[in-house]
Q: 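Shown below is the structure under consideration.
As the structure is a prediction and not an experimental result, all values here were calculated from the model. Only this structure's heavy atoms are used, side chains among them; waters, hydrogens and symmetry mates stay out. Reminder, nothing fancy here: chain letters follow the sequence lines and each chain counts from 1.
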Amino acid sequence: MTGTLIARGTVLDLCYLFAAITFILALKGLSNPKRARSGNFIAMFGMAVAIGATFFQPNLRNVVPMVIAMIVGAVIGIPTSRFVKMTAMPQLVAIFNGVGGGAAALVSITEYMKIQHEGPPTYVVLEVLLGVLIGTVSFSGSAIAFIKLQELITGRPITYPGQQVINALLGVGAVALIVIILIHPSVALLWILLAVAFIVGMAIVLPIGGADVPVLISLLNSLTGVAVAASGFTLGNNMLIVAGTLVGASGLLLTQMMCKAMGRSLPNILFSAFGSAVSGGAAGTGEDRPVRSQTPEDIGVMLAYANKVAIIPGYGLAVAQAQHIIRELADELEAKGIDVFYAIHPVAGRMPGHMNVLLAEANVPYDKLLEMDEANPMLKDCDVALVVGANDTVNPAAREAGSPISGMPIINADEAGQVVFLKRSMRPGFAGIENELLFNEKTTLVFGDAKETLTKMVGALAAS
Amino acid sequence: MGNTILQYLTVFILTIFVGIEVIAKVPAILHTPLMSGSNAIHGVIIVGSMIVLGSASGGLEIALGTAAVFLATLNVVGGFTVTDRMLGMFKAKPVDKKKTEEVAK
């Protein structure tokens, strides 16, 4: 009898080992454009094996609520992720990350309830504590990130008087609580830690500006990985340790890469709101300054006489669902023998690579999408730079010191012969900073919905 | 006892190196799918949730375990579906597309 049980346990562990290997292969695949999709499938398969094997765990109880919870989760999760618009992708990743962190926190605390009577050694208490703390921070932080990206609250940094003092107190309180729990562990104190961690997560994310939120999501993703690894230590499960640590380590590296793409450092992103909140105040003053605006038809005709056109898309393009019509415009230009390319800023859209996804959805060919470093040297040869729904990513203020976006690499739209902005209004971009390029003498603005404007431009272009 | 924790620590530390090595060279366009994919992978906490719920006794433990399984399921299912949807849009190569369009004309 015991013999069969041991054998079953070994098979279970082998299944977990297999799953852990698939996760490593999946990450490897995901970093290569050709194998990315199969990488995802490999991980999916490994996950299915791991979940299936767990059902054969000896003496598994509560299978009914388990299966019901899974079915409910799948019924909510699958349609949500299938049908949410691609523009809302960053929010979606945030929320799915948050629930993972929440699950890790619950796993840690529930496991501790079970083992507390055995008087677990301090390192086990530490593992539990880290699982609860990090998992909950990730949960509440992701929730705030979701609310920000969904624009349920402002995307601007949220600051209030005494914020630094309150945050410092929170930090000190959390550390004190951790020390107390290590000395006198109890479930009640763990719940208090969970509550404090919840507030800490919110306090970290609230002062971060909307444009930086994607980097933050990547960081929170990494944190959830660490929380999962901590639960793995508590449960004594190598697969959880491997999967959690993989995500934790690679997530941190990915976060650094994203920061680099924005020309920022991580501490700068996390803490800059406290110092720079004032400089955004200049945004309101530009309203009365003269700008040049023209009709879409005029611009259509103007494009017809260009030799080379750069299209610089931003999040506004996606919001207006104008990916398809911009491709029609590009096709029309090419039919007239005009060179067209898309200059893609690494953080165009709301996440690194987000714009590529959105344009791929509209069947824009790959070879027309140039990354910023490729595109920038070509911009001075362009007759027209057509900026559609972008703002911060072409803002020359980034080249000067003292702006909140100083140092962020930008697309040199201002080097093109003429600059055309398609905008809904004079409202500043996501970062909330005025764009001097709008007032430049070679800039023309076309106000209105990007999709309508582009449709009119295509009409005028086809006729000329 | 001390030995088990050392074993776990060994796995933990070696995996840190693997995690960094494995994504060392990832092009910017794959940053978002990679984030989403690794998001799905930490959904493996579903196994932890199942183990905890599977040995839970008492109303509170069962309630917490069930909640954990539910949250983890959302993470797994949502994470993989979103990633697949993103990557699905990258699938066509430009060369093939031009050819198919020409054929269509």
Side-chain angles (χ1 to χ4, degrees), chain A residues 23 27-28 30-31 36-37 40 43-44 50 54 60-62 65-66 69-70 73-74 77-78 81 92-93 96-97 99-100 102-104 106-107 110-111 113 218 221 224-225 228 231 233 235 238 240-243 245-247 249-251 253 346 351-354 356-357 360-361 365-367, chain B residues 5 8 11-12 15-16 18-20 22-23 26 28-56 61-62 64-84 86-87 89-90 94 97:
Chain A
F23 298 152
L27 277 190
K28 183 121 186 99
L30 277 167
S31 1
R37 205 172 188 196
N40 192 43
M44 234 188 273
T54 309
L60 193 76
R61 278 181 286 170
N62 305 316
M66 196 180 290
M70 283 180 175
I78 294 178
S81 42
L92 212 55
V93 175
F96 289 138
N97 172 55
V99 291
L106 290 180
V107 165
T110 315
E111 181 63 16
M113 286 176 169
S218 174
N221 185 42
T224 305
V228 169
S231 318
F233 272 94
L235 294 173
N238 269 323
L240 290 191
I241 299 177
V242 169
T245 312
L246 266 183
V247 175
S250 65
L253 181 62
M351 273 193 176
H354 193 194
N356 302 69
V357 174
E361 192 185 13
Y366 267 144
D367 53 353
Chain B
I5 183 75
Y8 297 144
V11 172
F12 173 71
T15 311
I16 292 178
V18 175
I20 292 171
V22 119
I23 69 147
V26 49
I29 57 162
L30 281 177
H31 281 178
T32 297
L34 180 65
M35 189 203 302
S36 180
S38 59
N39 181 24
I41 289 174
H42 67 51
V44 74
I45 190 64
I46 191 172
V47 168
S49 312
M50 290 170 74
I51 293 173
V52 163
L53 177 59
S55 62
E61 282 180 22
I62 294 179
L64 290 175
T66 309
V69 172
F70 168 69
L71 292 180
T73 308
L74 276 181
N75 185 178
V76 171
V77 168
F80 280 122
T81 316
V82 167
T83 312
D84 187 54
M86 277 184 207
L87 293 172
M89 287 163 189
F90 283 116
K97 185 163 294 146

Q: With chain B as the partner, which of A:A243, A:A43, A:G102 has the greatest number of non-hydrogen pairs under 4.5 Å?
A: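 The candidate making the most pairs under 4.5 Å is A:A43.
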Q: Under 4.5 Å between any side-chain heavy atoms of A:L106 and B:S49, yes or no?
A: no
Q: In the structure I gave you, are the side-chain heavy atoms of B:V18 and A:L246 within less than 4.5 Å of one another anywhere?
A: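 Counting from C-beta outward, B:V18 and A:L246 do come under 4.5 Å.
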Q: How far apart are the closest heavy atoms of B:S38 and A:L27, and which atoms are they?
A: CB-CD2, 4.0 Å
Q: Heavy atoms only: give me the nearest A:R37-B:D84 pair and the separation to one decimal.
A: NE-OD1, 2.9 Å
Q: Are any of the side-chain heavy atoms of B:M86 and A:V93 separated by less than 4.5 Å?
A: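 They are in contact (side-chain heavy atoms under 4.5 Å apart), so the answer is yes.
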Q: Quick one: does any side-chain atom of A:N62 pair with a main-chain N or O of B:G54 as donor and acceptor, under 3.5 Å?
A: no
Q: With a 4.5 angstrom heavy-atom cut-off, is it the side chain or the backbone of B:I62 that approaches chain A, or both, or neither?
A: side chain
Q: Is B:A40 in contact with chain A via its backbone, its side chain, both, or neither, using a 4.5 Å heavy-atom distance?
A: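 Just its backbone gets close to chain A.
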Q: Might you work through the side-chain contact (heavy atoms from CB on, under 4.5 Å) test for A:N97 and B:H42, ending with a clear yes or no?
A: CA-CA 8 Å; A:N97 172 55; B:H42 67 51; 2.9 Å; yes
Q: Do you know which of A:G77, A:G251, A:S81 has the most heavy-atom pairs with chain B at a distance under 4.5 angstrom?
A: A:S81
Q: Compare all side-chain heavy atoms of A:V99 with those of B:F70 and state whether any distance is below 4.5 angstrom.
A: no
Q: Sort B:V76 into side chain, backbone, both or neither according to what part of it lies under 4.5 angstrom from a heavy atom of chain A.
A: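 Looking at B:V76, just its side chain touches chain A.
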Q: Please report the shortest heavy-atom distance between B:A68 and A:A103, naming the atom on each side.
A: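 Looks like O-CB, 3.6 Å.
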Q: Could you tell me the separation between the CD1 atom of B:I46 and the CG atom of A:L240, rounded to the nearest 0.5 Å?
A: 11.5 Å
Q: Is there a side-chain contact between B:V44 and A:V228 (heavy atoms, below 4.5 Å)?
A: yes
Q: How many angstroms lie between OG1 in B:T73 and CD1 in A:I78, if you round to the nearest 0.5 Å?
A: 10.5 Å
Q: Where on A:S231 is there a heavy atom nearer than 4.5 Å to chain B: the side chain, the backbone, both, or neither?
A: side chain
Q: Can you name the closest pair of heavy atoms from A:L60 and B:M50 and give their distance?
A: CD1-O, 4.1 Å
